[in-house]
Number of protein chains: 2
Amino acid sequence: MNDPIDQIKKAISNYIDVDDLEWADYAQDFSLKSVKKKELILQQGRICNTVFFVRKGLLRVFFVDANGEEKTFHFSMENTFSADYESFLKKKPSNYSIQTLEDSELILMPFEMLHRGYEILKNGEKLGRLLAEEYFFLFSSKIHAIYTQSPMDRYNQLNKAYPNLLQRVPQHYIASFLNISPVHLSRLKNQSA
Amino acid sequence: MNDPIDQIKKAISNYIDVDDLEWADYAQDFSLKSVKKKELILQQGRICNTVFFVRKGLLRVFFVDANGEEKTFHFSMENTFSADYESFLKKKPSNYSIQTLEDSELILMPFEMLHRGYEILKNGEKLGRLLAEEYFFLFSSKIHAIYTQSPMDRYNQLNKAYPNLLQRVPQHYIASFLNISPVHLSRLKNQSA
DNA sequence: TTAAATCATTAACATTTGTTATTGTCCTTA
DNA sequence: TAAGGACAATAACAAATGTTAATGATTTAA
């Protein structure tokens, strides 16, 4: 079996039982894409019609606010899915852009394929539900953290959850992710030392 | 047909087609509850084993942070569902408490019932997916708003989205929802006038 | 109906965070 | 390899937000 496609099957198996026969039929529609560092794979304002599975590399989900400033919303790590899921599902213009932060290898899942999955795969709807629930939990805990933790707390927690992320990502993106200025993050790091 | 149960059927019909026969079988397990103002219907630390449908009244979802301060996370309006959904699904201690802000009439949906819904109702899994997606979108836009809008912007937007909410809810809960101090909210309101 | 509690407002002050500008380092690329 | 650009650190100052305390109004409950 094709190696990269095996990788996404494994990821999906964390959510539902995958029937081999169904899968063989389904999986042929995946396509692979290699993308150089710093390239834009989704542009704010366009409709997101693909879910990206990060086989290798690292993505940054961000948007430009009313003042023209970039805000980093999320980092998509290896073996996770990435998209503007709302744009994807509702076919409306995306609020986010997505770019590669490293040379990356992606598996592409176009919109039609998702819906075919709901029909073809015995547990397709369940997979959709579990993925929506997972990101729901993720966002929920992100809001919880914003309400309860200081920027420094969140920095430390990020460092703990993804130990090498801080080495892989320019610091001002981290600041933006924490919703503070790069200058302030630099100050905070010194204080704690 | 029973009137309150008809109300929740109508709400669910916004998500999936409901087959009358299935529904008649399913709906008999709902129970109703009238709750006085200011009563706690879910307590932080306990497992949330019921989803509440707000037939009438208003709920506040909140939690107590490490400093012992209450943070208001969400207001549950009429004809919407309320729960700590993560606690509910994973059967783990809730991060939130839920209280009534007004005398309320609730429809209770216990955990077993949800799962029976996944099995009994033809579109049960789909309903689960759509609900998870809806709250996912809600949280997503909440985070987006935190990143892009000033507290005053968010206050105005809240006022626009739920025109009578500000009259129904003590102002310090609104401040807490906006993640600012009550004193600061009072100041902001004066500045804009 | 009255006393107590809750609440919104305001003022004064403290803290946090943002902005701008400068400098030195490192990386990129022509 | 040299020049330009991106980046992190730092300082000085400005703006936003929090904290505490006092006051008056409203609501709640005995």
Side-chain angles (χ1 to χ4, degrees), chain A residues 35-40 58 60 62 64-72 75 99-103 145-159 164-193, chain B residues 35-40 57-58 60 62 64-72 75 99-104 145-159 164-193:
Chain A
V35 186
K36 286 272 177 217
K37 185 176 178 173
K38 284 194 180 177
E39 282 193 26
L40 218 56
L58 181 58
R60 181 173 78 104
F62 66 99
V64 178
D65 72 9
N67 304 321
E69 299 193 10
E70 274 190 12
K71 301 277 187 167
T72 298
F75 298 105
Q99 74 171 177
T100 49
L101 291 182
E102 303 173 348
D103 294 352
I146 291 173
Y147 274 73
T148 54
Q149 300 185 320
S150 70
M152 195 62 209
D153 288 339
R154 282 184 287 134
Y155 178 85
N156 289 329
Q157 190 162 312
L158 186 67
N159 191 15
N164 53 4
L165 188 68
L166 304 187
Q167 277 69 55
R168 292 165 76 182
V169 174
Q171 185 171 298
H172 65 284
Y173 289 158
I174 302 287
S176 161
F177 178 77
L178 297 174
N179 205 17
I180 63 179
S181 70
V183 177
H184 190 53
L185 177 55
S186 174
R187 268 188 304 227
L188 290 176
K189 279 173 59 185
N190 271 21
Q191 284 175 19
S192 72
Chain B
V35 186
K36 285 272 179 215
K37 187 176 177 172
K38 283 193 182 178
E39 282 193 24
L40 218 56
L58 181 60
R60 181 172 78 104
F62 66 99
V64 178
D65 72 11
N67 303 322
E69 299 193 11
E70 275 189 11
K71 302 275 188 169
T72 298
F75 298 105
Q99 75 171 176
T100 49
L101 291 182
E102 303 173 349
D103 293 354
S104 300
I146 291 172
Y147 275 72
T148 55
Q149 301 186 319
S150 69
M152 196 60 210
D153 288 339
R154 283 184 285 134
Y155 178 84
N156 288 329
Q157 189 162 311
L158 186 67
N159 192 15
N164 53 5
L165 188 68
L166 305 187
Q167 277 70 56
R168 291 166 77 182
V169 174
Q171 185 170 298
H172 65 285
Y173 289 158
I174 302 287
S176 161
F177 178 77
L178 297 173
N179 204 18
I180 62 178
S181 70
V183 177
H184 191 53
L185 177 55
S186 175
R187 269 189 302 227
L188 290 176
K189 280 173 60 186
N190 272 19
Q191 284 174 19
S192 72

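Proteins get letters first, then strands, A, B, ... in listed order; numbering begins at 1 in each.
- The side-chain contact (heavy atoms from CB on, under 4.5 Å) search around Ser181(A) returns Val183(A), His184(A), not counting sequence neighbours.
- Note on the helix from dT1(C)-dA30(D) to dA30(C)-dT1(D): angle between the axes of the first and last five pairs equals 50°, rounded to 10 degrees.
- With sequence neighbours excluded, no residue forms a side-chain hydrogen bond (donor to acceptor under 3.5 Å, both in side chains) with Tyr173(B).
- With sequence neighbours excluded, the residues satisfying side-chain contact (heavy atoms from CB on, under 4.5 Å) with Gln157(B) are Gln149(B).
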Pull out every protein N or O sitting under 3.5 Å from an N or O of nucleotides 18-20 of chain D, one pair per line with the distance.
| unit_1 | atom_1 | unit_2 | atom_2 | d |
| --- | --- | --- | --- | --- |
| dG18(D) | OP2 | Ser181(B) | N | 3.0 |
| dG18(D) | OP2 | Ser181(B) | OG | 3.3 |
| dG18(D) | N7 | Arg187(B) | NH2 | 2.9 |
| dG18(D) | O6 | Arg187(B) | NH1 | 2.9 |

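- The side-chain hydrogen bond (donor to acceptor under 3.5 Å, both in side chains) check on Thr72(A) picks up Arg60(A), Ser176(A), with sequence neighbours excluded.
- Closest to the Pro170(A) side chain, of the nucleotides dT10(D), dT10(C), dA8(D), is dA8(D).
- Remark: Ser186(A) engages Gln171(A) in a side-chain contact (heavy atoms from CB on, under 4.5 Å) (not counting sequence neighbours).
- For dA9(D), the OP1/OP2 oxygens have a side-chain nitrogen or oxygen of Gln171(A) closer than 4.0 Å.
- Between Lys189(A) and dA8(D) there is no side-chain polar atom (N or O) within less than 4.0 angstrom of OP1 or OP2.
- In this view, Glu69(B) and Asp65(B), Asn67(B) satisfy the side-chain contact (heavy atoms from CB on, under 4.5 Å) rule, not counting sequence neighbours.
- In this structure, of dA8(C), dT9(C), dA8(D), it is dA8(D) that holds the atom nearest to the side chain of His172(A).
- With sequence neighbours excluded, the residues satisfying ring-ring contact (aromatic ring centres under 6.0 Å, His included) with Phe75(B) are Phe177(B).
- For Leu188(B) and dA16(D), the CG to P distance is 10 Å, given to the nearest whole Å.
- With sequence neighbours left out, the side-chain hydrogen bond (donor to acceptor under 3.5 Å, both in side chains) criterion links Asp153(B) to Ser150(B).
- No option in Lys37(A), Arg168(A), Lys36(A) other than Arg168(A) meets the side chain to side chain donor-acceptor pair (under 3.5 Å) test with Glu102(A).
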Could you go over nucleotides 25-30 of chain D and give all protein N or O partners under 3.5 Å, atom names and distances?
none

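- Pro151(A) comes within contact range of the sugar-phosphate backbone alone, with a heavy-atom separation under 4.0 Å but no base atom that close.
- By the side-chain hydrogen bond (donor to acceptor under 3.5 Å, both in side chains) test, Asn159(A) pairs with no residue at all, sequence neighbours left out.
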(request) Determine, step by step, whether Leu188(B) and Gln191(B) satisfy the side chain to side chain contact (heavy atoms under 4.5 Å, CB included) criterion, reporting the C-alpha distance in whole Å, the side-chain angles of both residues, the deciding distance to 0.1 Å, and the verdict. (result) CA-CA 5 Å; Leu188(B) 290 176; Gln191(B) 284 174 19; 4.0 Å; yes
